[in-house]
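A short write-up of the structure that comes next.
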Amino acid sequence: MSKKKAKKINKSMATAEVATVADVQTEQEEKEYSIINLGPTHPATHGIFQNVLKVDGEIILESTPTIGYIHRAFEKLAERRPYNQITPITDRLNYCSSPINNMGWEMTVEKLIGAKIPKRVEYMRVIIMELARIADHIICNSVIGVDTGAMTGFLYIFQWREKIYDIYESICGARLTTNIGRIGGFEREWPQKTWDLINDFVEKFPAGLKEFENLLMRNKIFMDRVIGAGPISAERALSYSFTGPNLRAAGVDYDVRVMNPYSSYEDFEFIIPVGKDGDTFDRFMVREEEMWQSLSIIKQALAKMPKEGGFHADIPAFFLPPKEEVYNNMEALIYHFKIVMGEQDVPVGEVYHAVEGGNGELGFYLVSDGGRTPFRLHFRRPCFIYYQAYPEMITGGLLSDAILTMSSMNVIAGELDA
């Protein structure tokens, strides 16, 4: 082949290549993409999450989330309240496991004032917090099933959440927003009915949980829907400051109960389940195993429960005295008045206390100037952190997987917007 001829062929090939690129560019310019709102009115977004999606057919190309639809300025509200009146505010964070929020706040104040909590109170708190974790995971995992079209699992398992709420009700009279516990312990000794309900739950729940797992864990349709949906790597999860089940599903075994034990968690043996791929299936499986571990912790707490110690710490300046003492003792009457009227000063200080909430590390950063209300208060809400990663997790996936991913992240609106 002559050089001249070869040169001509190369020029022809170059011309063909340019034409191909130009055709592709023209095709991209002419192609129309859809812009849709995933929420806030979509039922799966609870009426308060908005995601503006750019889609190519069923494939998500871009996602822009909007939050703040139910922002209530909890931190500023709390800065104008006496310490004992802040507990009901924490109920409205993750309302699927509100006792953990309540006790996390109470432990933060106890850390500031240097209160010594009886071992029995700490064990009682562990029981309630682990029951709350089970209730939270029941909601999350059963809703994942519903979002794949599997309603039966939800109907089978949800009755056990109601049994946990019966336990709450026997202690404090409330079911969802519990306001359970007090700074220093509990409002009163638990009645025998509470212990009976707890023992009955511990005995019978394993069969119900196993039945739920049999419906979904090896279900081919369910597995096809959740495996590979909304994945995130351990490195990306850490860069976003993930904690809780969403981080553990990505393969990182971080758990506040182990890394920074509180309320005597160091006395109990339990396993931290971890996943590998950080997808919806791993998040589902991690929560399933955590329910079994919570059951184990509750059984250990019941077996080791101290007989002595009462139901609250000896901190009369923060704990309401019994009514009979208020009526017959001047000192008790003074304490009662000061606590109810919010006239009890606290020490100057700066503390941070975190608990392992249903969704991850729930932290309270408290600054006191010695007054009767917090000088500054910040709630570290895990859902606020997770939702920042949501666009990255759903981009490139199917539109149907966006709902599954949100459910498996367990984004709770009250905790997100605060």
Side-chain angles (χ1 to χ4, degrees), residues 90 93-94 96-111 115 117-138 140-141 164 178 180-181 185 198 202 205 209 234 237-238 241-275 282-283 285-306 351-365 379-383 385-386 410 412 415:
T90 65
L93 293 171
N94 183 354
C96 295
S97 51
S98 54
I100 301 179
N101 312 339
N102 300 156
M103 294 174 190
W105 166 248
E106 290 153 8
M107 283 184 264
T108 303
V109 180
E110 291 160 6
K111 190 174 185 178
I117 308 302
K119 180 71 76 171
R120 185 169 185 272
V121 170
E122 293 189 333
Y123 279 28
M124 291 164 74
R125 281 178 168 173
V126 165
I127 290 172
I128 293 300
M129 286 189 287
E130 292 309 312
L131 285 170
R133 193 178 321 282
I134 291 172
D136 195 286
H137 290 353
I138 283 175
C140 180
N141 277 6
I164 293 174
T178 53
I180 201 169
I198 292 171
V202 168
F205 178 62
L209 182 56
L238 287 169
S241 297
F242 273 32
T243 53
N246 292 339
L247 177 63
R248 293 190 283 273
V252 182
D253 62 343
Y254 174 77
D255 190 307
V256 180
R257 296 172 294 177
V258 175
M259 299 302 178
N260 296 291
Y262 54 91
S263 197
S264 296
Y265 267 107
E266 64 276 10
D267 295 351
F268 307 107
E269 294 183 5
F270 57 98
I271 297 168
I272 304 175
V274 295
D282 277 354
R283 289 188 283 272
M285 293 298 294
V286 164
R287 286 187 171 91
E288 281 299 307
E289 181 57 34
E290 284 188 5
M291 284 192 270
W292 290 108
Q293 296 303 316
S294 291
L295 269 175
S296 173
I297 293 171
I298 294 169
K299 289 178 181 178
Q300 292 177 59
L302 290 171
K304 297 179 180 180
M305 181 67 66
V351 297
Y352 176 77
H353 183 73
V355 295
E356 182 66 33
N359 275 326
E361 182 175 327
L362 174 65
F364 300 89
Y365 174 62
F379 301 150
R380 185 204 184 275
R381 300 109 55 201
C383 283
I385 293 166
Y386 298 150
N410 200 25
I412 304 297
E415 193 176 271

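- A donor-acceptor pair under 3.5 Å is formed between the side chain of Gln293 and the backbone N or O of Ile271.
- Salt-bridge formation is not detected for the pair Arg125/Glu122: no Lys NZ or Arg NE/NH1/NH2 atom is positioned less than 4.0 Å from an Asp or Glu carboxylate oxygen.
- Across Glu110 and Gly185, no two heavy atoms sit closer than the pair OE2-N, 4.0 Å.
- We find the CD-CG distance between Gln300 and Asp267 to be 9.5 Å, quoted to the nearest 0.5 Å.
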Subject >> Test side-chain contact (heavy atoms from CB on, under 4.5 Å) applied to Ile138 and Phe205, step by step >> reply: CA-CA 11 Å; Ile138 283 175; Phe205 178 62; 4.0 Å; yes

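- Of the N and O atoms on the side chains of Tyr262 and Glu356, not one donor lies less than 3.5 Å from an acceptor on the other residue.
- Between Glu290 and Arg248 there is a salt bridge, since at least one side-chain N of the basic residue sits less than 4.0 Å from a carboxylate O of the acidic one.
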**OP:** Test Val355 against Met103 for side-chain contact (heavy atoms from CB on, under 4.5 Å), laying out the working first.
**Re:** CA-CA 9 Å; Val355 295; Met103 294 174 190; over 6 Å; no

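- Here the shortest heavy-atom pairing between Tyr352 and Lys111 reads O-NZ, 2.8 Å.
- The structure places NE2 of His353 at 13.5 Å from CZ of Arg380, a figure rounded to the nearest 0.5 Å.
- From Ile385, atom CD1 reaches atom CD of Glu361 across 8.0 Å, with rounding to the nearest 0.5 Å.
- Atom CG of Asp255 and atom CG of Leu247 lie 10.0 Å apart (nearest 0.5 Å).
- For the side-chain contact (heavy atoms from CB on, under 4.5 Å) criterion with Ile100, the lone passing option out of Cys96, Ser98, Ser97 is Ser97.
- Between Pro245 and Arg283, every side-chain heavy-atom pair lies at or beyond the 4.5 Å cut-off.
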Original post:
Stepwise, does the ring-ring contact (aromatic ring centres under 6.0 Å, His included) test hold for Tyr386 with Phe242?
Top reply: CA-CA 6 Å; Tyr386 298 150; Phe242 273 32; 4.9 Å; yes

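- Taking CD1 of Ile298 as the reference point, atom CZ of Phe268 lies at 10.5 Å (rounded to 0.5 Å).
- Among Asn359, Asn94, Asn246, the single residue meeting the side-chain hydrogen bond (donor to acceptor under 3.5 Å, both in side chains) criterion with Asn410 is Asn359.
- Partner Glu106 forms a side-chain contact (heavy atoms from CB on, under 4.5 Å) with one of Val109, Thr108, Asn102 and no other, that one being Asn102.
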Original post:
Under the side-chain contact (heavy atoms from CB on, under 4.5 Å) criterion, do Glu266 and Arg257 qualify, and how do the steps go?
Top reply: CA-CA 8 Å; Glu266 64 276 10; Arg257 296 172 294 177; over 6 Å; no

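- Closest approach of Asn101 and Thr90 over heavy atoms only: ND2-O, 2.9 Å.
- Of all heavy-atom pairs between Pro382 and Thr243, the closest is CB-OG1, 4.3 Å.
- Across all non-hydrogen atoms, the minimal contact from Ser263 to Met107 is CB-SD, 4.1 Å.
- Taken to the nearest 0.5 Å, the CG atom of Leu295 stands 8.5 Å off from the CG atom of Leu131.
- In this structure, the ring of Tyr123 has its center no less than 6.0 angstrom from the ring center of Tyr265.
- In plain terms, the two heavy atoms of Ile128 and Pro99 that are nearest each other are CG2-CB, 3.6 Å.
- Using modelled atom types, one side-chain atom of Arg133 and one backbone atom of Gly357 make a donor-acceptor pair closer than 3.5 Å.
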**OP:** For the pair Val274 and Val252, evaluate side-chain contact (heavy atoms from CB on, under 4.5 Å) and give the outcome as yes or no after the intermediate values.
**Re:** CA-CA 7 Å; Val274 295; Val252 182; over 6 Å; no

**OP:** Take Glu130 and Lys299, measure what salt bridge (charged side-chain N to carboxylate O under 4.0 Å, His left out) needs, and give me the verdict at the end.
**Re:** CA-CA 11 Å; Glu130 292 309 312; Lys299 289 178 181 178; over 6 Å; no

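- Not counting sequence neighbours, Phe270 has no partner by the ring pair (Phe, Tyr, Trp, His ring centres under 6.0 Å) test.
- Counting non-hydrogen atoms of other residues, nucleotides and ligands closer than 6.0 Å to CD of Glu269 gives a total of 12 or fewer.
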